[in-house]
Amino acid sequence: MTQPASNESAPLPRCCPTHPDLATLTEHLVHNYRRLPTHAIVDTVWQAHTATDIVGLSTADRLETVELITRYQLEVLARYHEESATAG
């Protein structure tokens with residue numbers, strides 16, 4: 001595994017500056033991660049949403065946090081799927 005050139009990590013790509021609701025965010029993620037099963041994306045969004053339940057964020061902050069958590073997890077999952085496909 002290669003290490004980043006600096007201590008700063010690159011920001012995760014985003015399709016929109018914000019999303020109005022969880023359904024729109026999920027729809028966009030399904031479109032952006034077409035190589036992953038839809039149920040995996042929906043489950044990941046729901047897990048991130050549940051994880052932010054106890055923090056007490058505003059709706060906008062919560063959606064942004066859910067998106068960041070979900071995009072990171074989906075990037076990891078997509079990388080795993082790509083490595084598995086090339087190895088087998």
Side-chain angles (χ1 to χ4, degrees):
M1 188 163 142
T2 60
Q3 296 294 322
S6 70
N7 289 337
E8 294 183 28
S9 60
L12 290 171
R14 297 180 76 183
C15 59
C16 304
T18 62
H19 293 91
D21 53 41
L22 201 58
T24 303
L25 170 61
T26 304
E27 181 181 323
H28 289 182
L29 291 169
V30 167
H31 177 75
N32 291 156
Y33 292 92
R34 285 179 246 181
R35 62 194 181 271
L36 296 176
T38 300
H39 69 86
I41 297 168
V42 172
D43 288 349
T44 304
V45 170
W46 186 250
Q47 290 168 1
H49 186 262
T50 302
T52 61
D53 230 0
I54 61 170
V55 181
L57 299 170
S58 69
T59 301
D61 288 343
R62 185 174 185 192
L63 278 170
E64 185 173 348
T65 303
V66 168
E67 180 178 6
L68 291 172
I69 292 169
T70 303
R71 283 191 182 275
Y72 175 77
Q73 291 179 336
L74 293 176
E75 286 293 323
V76 170
L77 187 60
R79 213 170 292 132
Y80 173 77
H81 277 267
E82 288 171 9
E83 289 174 2
S84 295
T86 59

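- When all heavy atoms of Leu25 and Leu63 are compared, the pair lying nearest together is CD2-O, 4.1 Å.
- Residue Ile69 belongs to no hydrophobic cluster, having no ILVMFWY side-chain heavy atom closer than 4.5 Å to its own.
- Screening residues 16-25 for side chain to side chain donor-acceptor pair (under 3.5 Å) gives His19-His28, His19-Glu67, Asp21-Thr24 as the qualifying pairs, with residues at least two apart or on separate chains.
- Scanning all heavy atoms of the two residues, the minimum distance from Ile54 to Ala51 falls at CG1-O, 4.2 Å.
- Contacts of Arg79 classified as salt bridge (Lys or Arg N to Asp or Glu O under 4.0 Å), with partners at least two apart in sequence or in another chain: none.
- Remark: Asp43 engages no residue in a side-chain hydrogen bond (donor to acceptor under 3.5 Å, both in side chains) (not counting sequence neighbours).
- Scanning both residues, Ala78 and Leu36, for their nearest heavy atoms gives CA-CD2, 3.9 Å.
- To the nearest 0.5 Å, the span separating NE2 on His31 from OG1 on Thr38 amounts to 12.5 Å.
- To the nearest 0.5 angstrom, Arg62 atom CZ is 8.0 Å from Leu22 atom CG.
- Looking at every heavy atom in both residues, Tyr33 comes nearest to Ile41 through O-CD1, 3.5 Å.
- The ring pair (Phe, Tyr, Trp, His ring centres under 6.0 Å) contacts involving residues 49-77 comprise Trp46-His49, where partners must be two or more places apart or lie in separate chains.
- Chaining together hydrophobic side chains whose heavy atoms lie under 4.5 Å apart leaves Val42 on its own.
- In this structure, Arg71 contributes its side chain and Leu68 its backbone to no donor-acceptor pair below 3.5 Å.
- Considering CG of Leu57 and OG1 of Thr65, their distance stands at 5.0 Å, rounded to 0.5 Å.
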Practice prompt. Apply side-chain contact (heavy atoms from CB on, under 4.5 Å) to the pair Gln47 and Thr70, showing each step before the final yes or no.
Written response: CA-CA 8 Å; Gln47 290 168 1; Thr70 303; over 6 Å; no
